[in-house]
*Asks:* 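A single structure is presented below for examination.
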There are 2 protein chains.
Amino acid sequence: MGRGRVQMKRIENPVQRQVTFCKRRAGLLKKAKELSVLCDAEIGVFIFSAHGKLYELATKGTMQELIERYGKYTGGPQLPDEPMVEPMDAKKEIGMLKQEIEILQKGLR
Amino acid sequence: MGRGRVQMKRIENPVQRQVTFCKRRAGLLKKAKELSVLCDAEIGVFIFSAHGKLYELATKGTMQELIERYGKYTGGPQLPDEPMVEPMDAKKEIGMLKQEIEILQKGLR
DNA sequence: GCCTATATATAAGA
DNA sequence: TCTTATATATAGGC
């Protein structure tokens, strides 16, 4: 968008990169908020700039809460210092999942 | 954008809401990737649809790693340099395998 | 999902 | 930063 096209690769000019970073970061967060409101979704976004600064957005509650929900969804606590349970069962589950993947892949052929 | 303007509030029509959700979700993730590449940033995004389904993007490494970095940044040395152990990796792998299975299942339809 | 017509985002420039 | 010309995103309609 704008006066010229843009190559999808790291912008080398530091000044231009910083300007673009600010603009697009604002745009991204705005879009995230919009999606959240329009479609009743919960969204978490965090951005680490190249220099390590953090920018974040949680459309509902706090980022911590969203991260916890994320952890529950994917299958394990992340930030909490919760000790994990039963490594054995985990390995067993991995084996079964891999098997299922193989079956599915065969189905695709 | 588009043929008409849009009110910044929850879209009531379920069908339209679903369509918009798909379109804008894709747009948001694309923008996140672009920002990441252009400005050399690390970005994590996760979206829970109203129905609880998770969509995510981690522009570098895994979401887990980004979340860990997030935790270190915000919570300080919460779980200091706790070397991540077996069980966590297992959980991570399970999450990834499940994701792959979903993708394969979609391919079968 | 694939098409336009429009609304937005944003690259250059000052 | 603010402005302006263009590139993109996407609402509404098949």
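Order of the sequence lines fixes the chain letters, A, B, ..., with proteins taken first and strands second; residue numbering starts at 1 for each chain.
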*Asks:* Check side-chain contact (heavy atoms from CB on, under 4.5 Å) between A/R3 and all other residues, then give those that pass, not counting sequence neighbours.
*Replies:* none
*Asks:* Scan for side chain to side chain donor-acceptor pair (under 3.5 Å) pairs involving residues 22-31 of chain A, sequence neighbours excluded, and state none if there are none.
*Replies:* A/R24-B/E34
*Asks:* At a heavy-atom distance below 4.0 Å, which nucleotide of DNA chain C is the first touched by chain B, and which is the last?
*Replies:* C/dT4 to C/dT10
*Asks:* Which residues pass the salt bridge (charged side-chain N to carboxylate O under 4.0 Å, His left out) test with A/K33, not counting sequence neighbours?
*Replies:* none
*Asks:* Quick one, give me the B/S/- string for nucleotides 9-14 of chain D, reading 5' to 3', where B means a protein heavy atom under 4.0 Å from the base and S means that only happens at the primed atoms, P, OP1 or OP2.
*Replies:* BBBB--
*Asks:* For B/F21 versus A/A41, what's the shortest heavy-atom pair and its separation?
*Replies:* CE1-CB, 3.9 Å
*Asks:* Is there a side-chain contact between A/E93 and B/E93 in this structure, where contact means two heavy atoms from C-beta onward sitting under 4.5 Å apart?
*Replies:* no
*Asks:* Pair up each side-chain donor or acceptor in residues 44-56 of chain B with any protein partner under 3.5 Å, not counting sequence neighbours, and list the distances.
*Replies:*
residue: B/S49; atom: OG; partner: B/H51; partner atom: N; Å: 3.2
residue: B/S49; atom: OG; partner: B/G52; partner atom: N; Å: 3.3
residue: B/S49; atom: OG; partner: B/K53; partner atom: N; Å: 3.0
residue: B/K53; atom: NZ; partner: B/E102; partner atom: OE1; Å: 2.9
residue: B/E56; atom: OE1; partner: A/Y70; partner atom: OH; Å: 2.6
residue: B/E56; atom: OE2; partner: A/Y70; partner atom: OH; Å: 3.1

*Asks:* Kindly write out the residues that satisfy side-chain contact (heavy atoms from CB on, under 4.5 Å) with B/S36, not counting sequence neighbours, or none if the list is empty.
*Replies:* B/I43, B/T59
*Asks:* Which angle, to the nearest 10 degrees, lies between the helix axes at the two ends of the helix from C/dG1-D/dC14 to C/dA14-D/dT1, each defined by five pairs?
*Replies:* 30°
*Asks:* On a heavy-atom basis, which atom in A/L66 and which in A/K60 lie closest, and how many Å separate them?
*Replies:* CG-O, 3.9 Å
*Asks:* Which pairs with one or both residues in residues 6-20 of chain A pass salt bridge (Lys or Arg N to Asp or Glu O under 4.0 Å), sequence neighbours excluded?
*Replies:* A/R10-A/E12, A/R10-B/D40
*Asks:* Sequence neighbours left out, what passes side-chain contact (heavy atoms from CB on, under 4.5 Å) with A/Q16? Give chain and number order.
*Replies:* A/I11, A/N13, A/T20
